[in-house]
Amino acid sequence: MNLEEALYKYFGYTSFRPGQREIIESVLKGSHTLGMLPTGTGKSLCYQLPSYLMSKPALIVSPLLSLMQDQAEHLKVMGEKSVLALNSFLSIAERRRGLEELHKYRFIFVSPEMLSIDHVLAAIQRLDIGLFVIDEAHCISQWGYDFRPDYLRLGEVRKKLNCPLTLALTATASEEVRLDIISKLGLEHVEQVISSVDRANIALSIEICQSHQEKQDRLLEMARELDGSGIIYFSSKKAAESAAAFLQESGIPNVEFYHGGMESEQRMLIQQQFIIGQVRIICATSAFGMGINKQDVRFVIHFHLPSSMESYLQEIGRAGRDGKQSIAVLLYCAGDEGLPALLMEQELPTDVQIESVLAYLALNKVDLDRIPKNVHEIIYGQYSLSETQWRFMNFFISSNRTNLSMAEIIEAMKHYVKERIAYKNKQLQGFLKWLTANSCRREGVLLHFGEKEAITRPKFCCDRCGLGEGLFSSISELADRTPIKLTYEGWRQDLENILVKKREQKHEE
DNA sequence: CGGGTCGCACCTAAGTGCGACCCGGTGCTTTAGT
């Protein structure tokens, strides 16, 4: 059976999309593979098909619970029964049974945090893993160093699993990030299948505004002028909420907001409503996006500044997956870089916090494997660390305490934090440089991702090349005014089931 | 850093203008032992 036949047999498709075949062939050859495919072009098929052909289970590391649930659900809808999403949605009993019966599953989804729990890893070690998949692998680089340190442990986890065949998948990774992924996973002899990050159907536009007010006016103008679905990105939850209210009050229908501070049920609901077209515009923070499988997003507007080229590309990449004309507009006002700069600094502890917390831990001989509740209270209260700051410190201490003294750890940590903040600032500065440069935007983006070949400029390229007339109207003409089609009829029932289950769980507690 | 909110002064009544103060993104996990 050749690959096409297998594709037809298992998925009912007759041909591969660009890049899929190369990735699958590389994996089947037994090469560790880093696959970069544009979002929405079927990354999951790249591990599913090999898993069937190898007749061995795949372990898939996924960054978001909703993403796991989605993919697991999708597999089940296609008739695959042996799927397990090993996460906190499971009750204690379900989880225990899942771990006992792991060998019965073909697709096991798991978060990096789960893999850091000893008894979970022990259960997985007993399996004969055919393929170790890291979905959205740029998260290693983007989150591992501070926000979600368990991402940096994946290399260690992989070793403990006896270095199984590994496939790292992502949509946006610069050369630097790709090398980082490879080194953090401890991969040797990696085959890279890289597709261009260029999205010719997305016009790039940057508009300089003089004030917040001007931005807001412009936002309203665009919301009125542009038909079709759109996402507007903000750097704060409050701003996202108030902009949604402002647009609604200004007579724009079907606008909602979305951010990480909302109840998860609410988030799922809004997301689904957006996907099926009941909500037209979402005012969101960076929480919105990963795993949003919507083909016809026509515009992405940045009201605030993203913190790097990577984030920018990821966010605008949610537009125009159907290949039709779309636009990405960034509204910039001098001084906008203050907020992202501040956020990235706040994520990590200050020198004073590092010194005082470590001194406190040493003085009280705190056992880091069993931290008493009152110690946490002191760390969060007296030393006012955020959860993120403390998790980072805890991770840093536990990975260095066997070979460094307390004094050395303090110095090393201060150094690490300084370097990390400098690195992130460099990324922000790089992005600002692109923003203020006079050259073609598209060219700048591609250069950042190491694509040095001459580019072909589409009709609507960017504001530097000149967008001319007719862009907005040609986008608006695409708006689908036919009644809403449900792509997946069962979503409301799924949501209802999850809500019922959550209520039951709360009731038990 | 910048925007939003609050309270106060104004000095005469209802609304404005100013300074002080506060706050800001991304997500996973709650399981240990006879």
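Residue numbers start from 1 in every chain, and the chains themselves are labelled A, B, ... in the order their sequence lines are given, proteins ahead of strands.
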Open item on the list: In whole Å, I'd like the distance from the CE atom of A/Met114 to the C1' atom of B/dC28.
Closed with: 9 Å

Task: Nucleotide of B/dT26, B/dG3, B/dG27 approaching A/His212 most closely (side-chain heavy atoms) - done: B/dG3

- [ ] To the nearest Å, give me how far apart CG (A/Leu64) and C1' (B/dT29) are.
- [x] 14 Å

- [ ] List the steps and the verdict of side chain to side chain donor-acceptor pair (under 3.5 Å) for A/Gln429 and A/Asn425.
- [x] CA-CA 6 Å; A/Gln429 290 309 319; A/Asn425 261 316; 4.8 Å; no

Open item on the list: Need one value for A/Gln314: base, sugar-phosphate or nothing, where a base atom within 4.0 Å counts as base even if backbone is also close, heavy atoms only.
Closed with: nothing

Open item on the list: Base, sugar-phosphate or nothing for A/Gln142? Non-hydrogen atoms, less than 4.0 Å.
Closed with: nothing

TODO: For A/His259, report the nucleic acid contact type (base, sugar-phosphate, nothing); a contact means any heavy atom under 4.0 Å.
DONE: sugar-phosphate

- [ ] Count the heavy atoms of every other residue, nucleotide or ligand shown that sit under 6.0 Å from CD of A/Glu175, and state whether that count exceeds 12.
- [x] no

Open item on the list: Taking 4.0 Å as the cut-off, does a side-chain nitrogen or oxygen of A/Ser111 come that near to OP1 or OP2 on B/dT29?
Closed with: yes

TODO: Determine whether more than 12 heavy atoms belonging to other residues, nucleotides or ligands lie under 6.0 Å from atom CD of A/Gln295.
DONE: yes

Open item on the list: Looking only at the side chain of A/Arg370 (C-beta and beyond, no hydrogens), which of the listed nucleotides B/dG33, B/dG24, B/dT26 gets closest?
Closed with: B/dG33

- [ ] Using the six-membered ring for Trp and the full ring for Phe, Tyr or His, decide whether A/Trp143 stacks on the six-membered base ring of B/dT26 (centres under 5.5 Å, planes under 30°).
- [x] no

TODO: Report yes if some heavy atom in the side chain of A/Ile409 is under 4.5 Å from a heavy atom in the side chain of A/Phe396; otherwise report no.
DONE: yes

Open item on the list: Over all strands shown, is A/Ile92 touching base, sugar-phosphate only, or nothing at heavy-atom distances under 4.0 angstrom?
Closed with: base

Open item on the list: For A/Thr172 and A/Gln314, which I'm curious about, is there any donor-acceptor pair between the side chains at under 3.5 Å?
Closed with: yes

TODO: Between B/dG24, B/dC28, B/dT26, spot the one nearest the side chain of A/Arg148, thanks.
DONE: B/dC28

Open item on the list: Could you tell me how far apart A/Arg267 (CZ) and B/dC28 (P) are, to the nearest whole angstrom?
Closed with: 8 Å

Task: Within 6.0 angstrom of A/Asn374 CG, more than 12 heavy atoms from elsewhere - done: yes

Open item on the list: What's the gap between B/dC28 and B/dC6 when it is taken at their C1' atoms, as a whole Å value?
Closed with: 37 Å

- [ ] Tell me which nucleotide among B/dG27, B/dA32, B/dT29 gets nearest to the side chain of A/Arg391.
- [x] B/dG27

- [ ] Would you indicate whether the side-chain heavy atoms of A/Leu330 and A/Glu207 approach each other to under 4.5 Å?
- [x] no

Open item on the list: One pair to check against side-chain contact (heavy atoms from CB on, under 4.5 Å): A/Tyr233 and A/Phe303. What are the steps and the verdict?
Closed with: CA-CA 6 Å; A/Tyr233 278 107; A/Phe303 193 86; over 6 Å; no

Task: Pairwise C1' distance for B/dC11 and B/dT16, with rounding to whole Å - done: 13 Å

TODO: Taking the six-membered ring for Trp and the full ring for Phe, Tyr or His, determine whether the centres of A/Phe257 and A/His259 are under 6.0 Å apart.
DONE: yes

- [ ] Using the C1' atom on both, measure B/dA14 against B/dC10 and round to a whole Å.
- [x] 12 Å

Open item on the list: Mind checking if A/Asn87 touches a base, just sugar-phosphate, or nothing, with heavy atoms under 4.0 Å?
Closed with: sugar-phosphate

TODO: Scan nucleotides 16-23 of chain B nucleotide by nucleotide, 5' to 3', and note B when protein non-hydrogen atoms come under 4.0 Å of the base, S if they reach only the sugar-phosphate, - if neither.
DONE: --------

Open item on the list: So A/Glu347, base contact, sugar-phosphate only, or nothing? Heavy-atom distance under 4.0 Å.
Closed with: base

TODO: Check the distance between B/dC1's C1' and A/Met344's CE and give it to me in whole angstrom.
DONE: 14 Å

Open item on the list: Would you say that A/Ile134 contacts A/Leu185 through its side chain, given a criterion of any heavy-atom pair below 4.5 Å between the two side chains?
Closed with: yes

Open item on the list: Is a donor from one side chain sitting under 3.5 angstrom from an acceptor on the other, for A/Ser141 and A/Asp180?
Closed with: yes

Open item on the list: Please convert DNA chain B into dot-bracket. A pair counts if it is Watson-Crick or G-U wobble with both distances under 3.5 Å; crossing pairs go in [ ] and bases paired with another strand get |.
Closed with: ((((((((((....))))))))))..........

Task: Earlier contact from the 5' end, DNA chain B, for A/Tyr258 and A/Ser211 - done: A/Ser211

Task: Exercise: do A/Asn400 and A/Tyr416 side chains pair donor with acceptor under 3.5 Å - done: no

TODO: Return the nearest nucleotide to the side chain of A/Glu113; candidates are B/dG24, B/dT26, B/dG27.
DONE: B/dG27

- [ ] Answer yes or no on whether A/Lys294 is positioned over the face of A/Phe274, meaning its NZ or CZ is under 6.0 Å from the six-membered ring centre and within 45° of the axis.
- [x] yes

- [ ] Classify the nucleic acid contact of A/Pro63 as base, sugar-phosphate or nothing, counting any heavy atom under 4.0 Å across all strands shown.
- [x] sugar-phosphate

Task: Position toward the 5' end of DNA chain B (nearest nucleotide), A/Glu387 or A/Ser242 - done: A/Ser242

Task: Validation row, ring centre A/Tyr312 to ring centre A/Trp434 under 6.0 Å - done: yes

- [ ] Using heavy atoms and a sub-4.0 Å distance, could you list which residues of residues 425-433 of chain A are near DNA chain B? By number, please.
- [x] none

Task: Atom C1', compared across B/dA9 and B/dA13: separation rounded to whole Å - done: 14 Å

Task: Spacing between A/Glu263 atom CD and B/dG27 atom P, to the nearest angstrom - done: 14 Å

Task: Gap between atoms NE2 and C1', on A/His119 and B/dT29 respectively (whole Å) - done: 12 Å

TODO: Please determine if a side-chain N or O atom of A/Thr285 lies less than 4.0 Å away from the OP1 or OP2 oxygen of B/dG25.
DONE: no

Task: Protein-nucleotide distance (A/Leu115, atom CG; B/dT29, atom P), rounded to Å - done: 10 Å

Task: Protein-nucleotide distance (A/Leu86, atom CG; B/dT29, atom C1'), rounded to Å - done: 12 Å

